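Order of listing sets the numbers, starting from 1, for every ligand and every atom in it. Since this is a predicted model, take the numbers as computed values, not measurements.
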Amino acid sequence: MRFDVVTLFPELFAPHLTQGITRRAFESGQVDVRLWQLRDFATDAYRRVDDRPYGGGPGMVMLAEPLEAALAAVQADRGAPPAVVHFTPAGRRLDQALVQEFAAAPGAVLLCGRYEGIDQRVIDRHVTHEISLGDYVLSGGELAALVLLDAVARLQEGVLTAPSHEQDSFSDGLIEGPHYSRPERLAVPGGAELPVPEVLMSGHHGHIARWRRECSLAVTARRRPDLIVAARAAGRLSKDDERYLSGLGL
Ligand code: ADE
């Protein structure tokens, strides 16, 4: 898959594309990321990419013409892109279901806005998806683009060991339960020892799976009851799940 990122700050991307478990996906080209410096498409001698909004008001607007030129260059290079994403707090909230859609698609153009936003005519003509990270305002779309790239890259084959993302939080619509590793008893100041839950040491895979499911149900019911409602509506809760939840009084 191929992502073309249109940005005023391409240098923000390199550190994230060359580190950690996702590095392999980016370096092998499995997730091929091309960076386009928007300023290279400015149409005046000052390389301006922003100007004051018509009608007045605070801040600056990203100019339509450099964005149009950048999008034309991307299209000339790769053909019509399958999707054009604009990152904005006004967009649909990014979630794992949307990440999975992008992970299974041939890529997209990622438009990273700065300032107050981009000229609406560019959005109307080209943008297929508006995506938000959450209900807060970032100074630009670059961090949001990196979040999407990271979440997509880790789902690519061979990036994670075994199919561990099948157990990720949200991959089945619930939050994951807790994890434990060595030592079996953690000595803490004051002389106490904190053990690992006994069931995890039992070697009984059925009991462990049920315990993990119940932890996941409990943490989701407490922190994100909306996800329980959605899982129930989608028929993703078993009779055992429902019994467990009603035992919690939820
Ligand atoms: N750009 C500015 N704020 C944003 C947000 N919350 N999510 C995505 N892109 C943004």
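When all heavy atoms are compared, the tightest approach of Val159 to Ala153 is CG2-O, 3.2 Å. In terms of heavy atoms, Val219 sits closest to Ile175 at CG1-O, 3.8 Å.
Between Arg213 and Asp172 there is a salt bridge, since at least one side-chain N of the basic residue sits less than 4.0 Å from a carboxylate O of the acidic one. Under a 4.0 Å N-O distance rule, the pair Arg232/Asp241 does not qualify as a salt bridge. Between Arg243 and Asp240 there is a salt bridge, since at least one side-chain N of the basic residue sits less than 4.0 Å from a carboxylate O of the acidic one. At a threshold of 4.0 Å, the pair Asp32-Arg78 does not count as salt-bridged, since none of the basic side-chain nitrogens sits closer than that to a carboxylate oxygen.
At under 3.5 Å, a nitrogen or oxygen of Tyr136, whether backbone or side chain, sits near a nitrogen or oxygen of ligand 1. In terms of polar-atom proximity, Gly141 is not counted as a contact of ligand 1, lacking any N or O under 3.5 Å from an N or O of the ligand. For a threshold of 3.5 Å applied to N or O pairs, the pair formed by Leu133 and ligand 1 contains at least one separation below that value. Between Leu138 and ligand 1, an N or O atom pair is found at a separation short of 3.5 Å.
Only the backbone of Thr88 comes within contact range of ligand 1, with a heavy atom under 4.0 Å; no side-chain atom does. In Ala144, the part holding a heavy atom less than 4.0 Å from any atom of ligand 1 is the side chain.
Residue contacts with ligand 1 include Ile131, since one of its heavy atoms falls under 4.0 Å from the ligand.
Scanning all protein heavy atoms for the shortest distance to atom 4 (C) of ligand 1 gives Pro89 CD, 3.5 Å.
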